[in-house]
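Heads up: the structure comes next, in structure tokens.
All of these numbers come straight from a predicted model, not from anything done at the bench. In each ligand, atom 1 is the first atom listed, and ligand 1 is the first ligand listed.
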Amino acid sequence: MSIKPVVVGVDGSESALRAVRWAAMEAAARKIPLRIVHACMPVDGRSPSPMPPSMADTVVAAGRQWLTIAADVAKETWDDVSTELVREYEVDALIRGSQDAQLMVLGARGHGGFAELLIGSVAVAVSARGHCPVVVVQGADVDRTGKPIVVGVDGSPASEGAIAFAFDEASRRDVPLVAVHTWSDPVTASAFAMAPFAVDWYEVRTEEEQLLAERVAGWQEKYPNVRVQRVVTHDHPARTLIDQARNAQLVVVGSRGRGPVAGMLLGSTSQALLHHAPCPVAVVRPDEP
Ligand SMILES: Nc1ncnc2c1ncn2[C@@H]1O[C@H](COP(=O)(O)OP(=O)(O)OP(=O)(O)O)[C@@H](O)[C@H]1O
Ligand SMILES: [Mg+2]
């Protein structure tokens with residue numbers, strides 16, 4: 001069976017090139033191939049009718065050039081690099097491509113959208129529906145070598161996948177892992193604000209600390225070389241995770257947590273991280289390592 005590669009999507013943007021640099025470092029660390037993909041559907045933007053041939057040729061030629069530039073950048077770090085131009089809509093192509101990938105890597109922004117947008121629609125859609133873990137390269141500096149990895153733990157099946165992924169990355173990179181668990185419930189919190197002595201916060205905190213310790217224990221046994229720092233706060237998870245991510249090289253979250261809206265593909269914490277994290281974000285689905 002052939003080795004599944006790291007796949008990175010490019011669209012000619014600076015953000016995608018940052019993703020290529022990150023993906024090349026990751027492929028080198030895993031010692032696996034890196035595949036660089038550009039998807040283009042040479043149809044007119046307003047209707048599904050084909051573009052005039054000369055226009056379609058220009059679009060495809062630009063795509064090929066972006067792939068060549070990206071491959072040159074990747075080869076500065078890793079030599080097992082291939083490129084592929086796929087004639088398909090980008091979200092479809094990348095989600096399909098994620099079936100045969102160990103990891104899918106994307107820039108936070110691309111060529112489209114408006115300047116103030118923090119994350120583009122392709123990055124959001126693929127993070128929500130990809131078949132493998134998806135890393136969105138947020139933040140200006142890609143090389144954060146030596147800094148810790150942060151993982152969000154809430155006891156949900158997706159966060160189990162996130163813990164597994166985070167331990168594996170921390171072990172490979174030989175860096176500490178910061179395991180974050182927060183507890184908050186805005187409704188009960190406001191109710192108890194009216195009667196602050198009705199709840200034993202010390203007991204709640206102890207229980208939450210225990211939950212985190214239990215979730216991490218099995219993985220710590222499997223990866224004894226990874227130094228784990230446990231952080232438990234009474235706060236919104238996204239706020240603590242973003243705080244911790246300021247000094248991290250990667251923040252890992254499950255695609256969705258224990259939140260009440262069952263149909264949502266991305267939970268509010270994962271969405272907040274994708275928009276606001278100061279470093280690359282890995283989104284892991286429930287059944288993924
Ligand atoms: N055509 C494409 N082929 C391959 N990868 C792509 C393509 N378009 C986007 N990507 C990947 O997705 C990342 C995010 O781009 P995205 O398109 O989501 O942002 P945007 O162009 O700023 O916003 P939008 O397209 O929603 O207006 C890019 O950095 C790149 O990694
Ligand atoms: Mg785009």
Inset, instruction - May I ask you to decide whether E26 forms a salt bridge with R173, counting only side-chain N to carboxylate O separations under 4.0 Å? - result: yes

Inset, instruction - Verify the neighbour count for atom CD of E84: are there more than 12 heavy atoms of other residues, nucleotides or ligands below 6.0 Å? - result: yes

Inset, instruction - Tell me which protein heavy atom sits closest to atom 12 (O) of ligand 1, plus the residue, atom name and distance to 0.1 Å. - result: V122 CG1, 3.7 Å

Inset, instruction - Consider every N or O of A108 and every N or O of ligand 1, then say whether any pair is closer than 3.5 Å. - result: no

Inset, instruction - Looking only at protein heavy atoms, identify the closest one to atom 23 (O) of ligand 1 and say how far it is in Å. - result: G120 CA, 3.4 Å

Inset, instruction - Select the closest option to atom 4 (C) of ligand 1 among V10, I36, L117, L17, judged by heavy-atom distance. - result: V10

Legend entry - For H111, the ligand 1 atoms whose distance to one of its heavy atoms is below 4.0 Å: 21 (O)

Legend entry - Heavy atom of the protein closest to atom 27 (O) of ligand 1 (residue, atom name, distance): G113 N, 2.7 Å

Inset, instruction - Return yes when atom CG of D174 has more than 12 non-hydrogen atoms of other residues, nucleotides or ligands closer than 6.0 Å, and no otherwise. - result: no

Inset, instruction - Sort and list the pairs that fulfil salt bridge (charged side-chain N to carboxylate O under 4.0 Å, His left out) and have at least one residue in residues 212-233, not counting sequence neighbours. - result: E160-R215

Inset, instruction - Determine whether C279 and V251 make a side-chain contact, defined as any pair of heavy atoms from C-beta on separated by less than 4.5 Å. - result: yes

Inset, instruction - Could you tell me whether A19 approaches ligand 1 through its side chain, its backbone, both or neither, with non-hydrogen atoms closer than 4.0 Å? - result: neither

Legend entry - Salt bridge flag under 4.0 Å for residues E116 and R109: no

Legend entry - Test applied, side-chain contact (heavy atoms from CB on, under 4.5 Å); reference residue, I36; option that passes from V73, T83, V6, V105: T83

Inset, instruction - Give the contacting part of E90 toward ligand 1: side chain, backbone, both or neither, where contact means a heavy-atom distance below 4.0 Å. - result: side chain

Inset, instruction - Examine V91 and V86 and state if one hydrophobic cluster contains both, with Ile, Leu, Val, Met, Phe, Trp and Tyr joined whenever side-chain heavy atoms are less than 4.5 Å apart. - result: yes

Inset, instruction - Among all protein heavy atoms, pick the one closest to atom 28 (C) of ligand 1 and tell me residue, atom and distance. - result: R109 O, 3.5 Å

Inset, instruction - Using a 4.0 Å heavy-atom cut-off, say whether V126 meets ligand 1 through its side chain, its backbone, both or neither. - result: neither

Legend entry - Sidechain N-carboxylate O distance under 4.0 Å for D92, R96: no

Legend entry - Distance-only N or O hit between ligand 1 and L94, under 3.5 Å: no

Legend entry - Heteroatom proximity flag, V105 to ligand 1, N/O under 3.5 Å: no

Legend entry - Nearest neighbour in protein (non-hydrogen) for atom 8 (N) of ligand 1: D11 CB, 3.5 Å

Legend entry - Ligand-side contact atoms (ligand 1) for residue partner V37, heavy atom cut-off under 4.0 Å: 4 (C)

Inset, instruction - Counting heavy atoms only, name the option from A70, S121, G9, G112 that's nearest to atom 26 (O) of ligand 1. - result: S121

Legend entry - Where A108 and V136 come nearest, the two heavy atoms and their spacing: CA-CG1, 3.6 Å

Inset, instruction - Run the contact test for C40 against ligand 1 with a 4.0 Å cut-off on heavy atoms, strictly below, and give the result. - result: no

Inset, instruction - Looking only at protein heavy atoms, identify the closest one to atom 20 (P) of ligand 1 and say how far it is in Å. - result: G110 N, 3.2 Å

Legend entry - atom 1 (N) of ligand 1: the protein heavy-atom neighbour that sits closest, reported with distance to 0.1 Å: A39 O, 2.8 Å

Inset, instruction - Test R21 against T77 for side-chain contact (heavy atoms from CB on, under 4.5 Å), laying out the working first. - result: CA-CA 8 Å; R21 286 190 193 97; T77 307; 6.0 Å; no

Inset, instruction - For atom 13 (C) of ligand 1, grab the closest protein heavy atom and report residue, atom and distance to one decimal in Å. - result: G107 O, 3.0 Å

Inset, instruction - Indicate yes or no: does E169 engage R172 in a salt bridge with an N to O separation below 4.0 Å. - result: yes

